Amino acid sequence: MSLWKALYDVFEKEHARVEKHKGQQRALVFEIEANINFIAAGLEQGLSVDKIVAGIDVDVFKQSMTQGYDFNRLTANSLVANTIIDYPEFDKYIGKSSDELVINVYDKIFVLQKLMQAGRFRQDGKLKSLLRMLILVLFHLQGKVLPKRKNS
């Protein structure tokens with residue numbers, strides 16, 4: 001085997017690893033966005049909470065966890081105060097890593113799903129809280145600042 005062939009093989013393996021990472025990142029962000037859109041549409045359409053919770057997708061997250069994916073690779077930054085400047089309910093998450101935020105939001109999803117399976121259907125407040133948390137995580141992963149709240 002020539003030196004060039006060996007170098008090319010190393011390059012090709014590294015390139016495949018990077019592309020796999022990018023694919024997982026896109027898939028997770030897509031899953032979070034799809035869940036946000038589904039929850040918002042479900043609430044707007046008056047769907048029952050149990051039907052909304054049952055429709056929340058977690059497959060990409062589960063696959064990523066099984067493969068040992070490091071969610072800090074999505075963004076190396078921790079949540080900063082500037083991201084949530086007008087949302088004091090998120091202050092407790094300042095300084096949390098992407099890994100902590102992603103795992104926390106999916107933990108909330110799993111708890112809601114288990115509550116629904118146990119017949120606890122009155123979870124409207126928790127569903128709305130989950131929606132806000134999903135939006136926070138999405139904005140953090142995309143490096144965006146949450147929009148200012150409209151004056152009531």
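Worth saying up front: this structure is predicted, and the values here are computed from it rather than measured.
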Could you tell me whether the side chain of [X] and the main chain of [Y] form a donor-acceptor pair under 3.5 Å?
| X | Y | value |
| --- | --- | --- |
| Thr75 | Leu141 | no |
| Asn35 | Glu31 | yes |
| Gln24 | Tyr69 | no |
| Ser64 | Val60 | yes |
| Asp57 | Asp59 | no |

Checklist entry - Mind checking whether Phe61 and Phe110 have parallel, tilted or perpendicular rings, split at 30° and 60°? => result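 Ring orientation, 0 to 90° scale: tilted.
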Item to check | CA sep, side-chain torsions, deciding dist, call: Ile39, Val53, side chain to side chain contact (heavy atoms under 4.5 Å, CB included) | outcome: CA-CA 8 Å; Ile39 294 169; Val53 171; over 6 Å; no
Distance alone, cut at 3.5 Å: any donor-acceptor contact between the side chains of [X] and [Y]?
| X | Y | result |
| --- | --- | --- |
| Thr83 | His140 | no |
| Gln142 | Glu33 | yes |
| Ser97 | Asp99 | no |

Single-linkage hydrophobic cluster, 4.5 Å side-chain cutoff, [X] and [Y] together:
| X | Y | result |
| --- | --- | --- |
| Leu101 | Met65 | yes |
| Leu136 | Val80 | no |
| Leu138 | Ile94 | yes |

Item to check | NZ on Lys108 to OG on Ser129, rounded to 0.5 Å | outcome: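 Ser129 atom OG to Lys108 atom NZ measures 5.5 Å (nearest 0.5 Å).
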Next on the checklist: Under the criterion side chain to side chain contact (heavy atoms under 4.5 Å, CB included), I'd like the reasoning laid out for Ile56 against Leu130: C-alpha separation, chi angles, the key distance, then a yes or no.
Outcome noted: CA-CA 11 Å; Ile56 296 173; Leu130 172 63; 3.8 Å; yes
Next on the checklist: Using a 6.0 Å cut-off, check whether atom CZ of Phe30 has over 12 heavy atoms from anything other than its own residue.
Outcome noted: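 Count not over threshold, so no.
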Checklist entry - Do the ring centers of Tyr87 and Phe139 come within less than 6.0 Å of each other? => result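 Tyr87 vs Phe139: aromatic centres not under 6.0 Å.
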Item to check | Pair Lys148-Ile85, side chain to side chain contact (heavy atoms under 4.5 Å, CB included): steps then yes or no | outcome: CA-CA 8 Å; Lys148 292 236 182 240; Ile85 200 157; 4.0 Å; yes
Next on the checklist: Does Tyr106 form a side chain to side chain contact (heavy atoms under 4.5 Å, CB included) with Lys62? I'd like the steps, not just the answer.
Outcome noted: CA-CA 9 Å; Tyr106 276 91; Lys62 284 182 177 179; over 6 Å; no
Checklist entry - With a 4.5 Å limit on heavy-atom distance, are the side chains of Ile84 and Tyr93 in contact? => result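 Side-chain contact under 4.5 Å: no.
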